[in-house]
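Encoded as structure tokens, the structure appears first; notes follow it.
One-based numbering along the sequence shown.
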Amino acid sequence: DLGDIGSISSGQRGATPDVLVGRRKIIMKLAQVIEGLPNDSRATIKMRYIDGLSYGEMSEITGEPVGTLKSRIHRARGQIRSEMQKYLFF
């Protein structure tokens, strides 16, 4: 579960309903892409960006070296970027 990722688009003053709907669709697609990642990548992305954990904290939790976690984040971000570019730029 990605938590309330939809709250990112809430509270946007001056945004038109169309803009808000567009943002919501992008956020939902991002959540879908993250959920489609391999388990270890998904968990690492969630710990870092959803839970806001430092690499040190993540290392303590997982027992994995910080370098491994950084590499995993790098690869996962590349996968996310690739999938989102397909969605955003047709």
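- Nearest heavy atom pair, residue Ile45 against residue Leu37, reads CG1-CD1, 4.2 Å.
- Met84 and Val19 are assigned to two separate hydrophobic clusters, defined by single-linkage of ILVMFWY side chains at heavy-atom distances under 4.5 Å.
- Ser59 and Val66 make their closest contact through CB-CG2, 3.9 Å (heavy atoms, listed as atom of the first residue, atom of the second, distance).
- One N or O on the side chain of Ser71 and one on the backbone of Gly67 form a donor-acceptor pair closer than 3.5 Å.
- Rounded to the nearest 0.5 angstrom, Gln79 CD and Glu83 CD are separated by 8.5 Å.
- Between Lys46 and Asp51, no side-chain nitrogen of the basic residue sits less than 4.0 Å from a carboxylate oxygen of the acidic one, so the salt-bridge criterion is not met.
- With contacts defined as side-chain heavy-atom distances shorter than 4.5 Å, the pair Gln32/Tyr87 does not qualify.
- Remark: Ile61 CD1 to Met47 CE distance equals 6.0 Å, nearest 0.5 Å.
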*Given side chain to side chain contact (heavy atoms under 4.5 Å, CB included), test Ile34 with Arg42 step by step and report yes or no.*
CA-CA 6 Å; Ile34 292 170; Arg42 182 176 59 247; 4.1 Å; yes

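- Among all heavy-atom pairs drawn from Leu20 and Ala15, the shortest one is CD2-CB, 3.8 Å.
- Interatomic distance, CZ of Arg72 versus CE of Met58, reported as 8.0 Å (0.5 Å rounding).
- With hydrogens and angles disregarded, a donor-acceptor distance shorter than 3.5 Å links the side chain of Glu57 to the backbone of Ser54.
- By the 4.5 Å heavy-atom criterion applied to side chains, Ile73 and Tyr55 are counted as neighbours.
- In terms of heavy-atom proximity, Ser41 sits nearest to Ala76 at CB-CB, 4.0 Å.
- Residue Arg77 holds its CZ atom at 14.0 Å from OG of Ser82, rounded to the nearest 0.5 Å.
- Partner of Thr62 under the side-chain contact (heavy atoms from CB on, under 4.5 Å) criterion, out of Leu69, Thr68, Thr44: Leu69 alone.
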